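Predicted model, so just to flag it, every value in this text is computed and none were measured.
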Amino acid sequence: MTARCDRCRKRLDDDGNRTATRVLCDTCYGQFIGLAAGFMTSATVEDAIPTAGWNERRRNQANPSE
């Protein structure tokens, strides 16, 4: 049976990215890491959301094929 992302339900080609409670695809994991980094640096959700967006844009610039 093929694994699926716990957030978006997309099929995973590999084992996925594990967090403490979930298995995520690369896209969802990137969003999760951005949110976690933003929350850890500022301790507010208002700052975590823009950090997640910045991380997503940075990843897309590094990998233009995605």
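For the atom pair CZ (R11) and SG (C5), the distance works out to 13.5 Å, reported to the nearest 0.5 Å. Once rounded to the nearest 0.5 Å, the distance linking SG of C28 with NZ of K10 reads 7.5 Å.
Under a cut-off of 6.0 angstrom, the local environment of CG in D14 is crowded, with over 12 non-hydrogen atoms contributed by other residues, nucleotides or ligands.
In the hydrophobic clustering, M40 connects to no other residue, as no ILVMFWY side-chain heavy atoms lie under 4.5 Å from its own.
By the side chain to side chain contact (heavy atoms under 4.5 Å, CB included) test, Y29 is found to be paired with N17, T19, L24, F32, I33, residues two or more places apart in sequence or in another chain being considered. Residues satisfying the side chain to side chain contact (heavy atoms under 4.5 Å, CB included) test with R9, not counting sequence neighbours, are R4, D6. R7 is linked by a side-chain hydrogen bond (donor to acceptor under 3.5 Å, both in side chains) to Q31, counting only residues two or more places apart in sequence or in another chain.
For the residue pair C25 and C8, the shortest heavy atom distance occurs at SG-SG, 3.8 Å.
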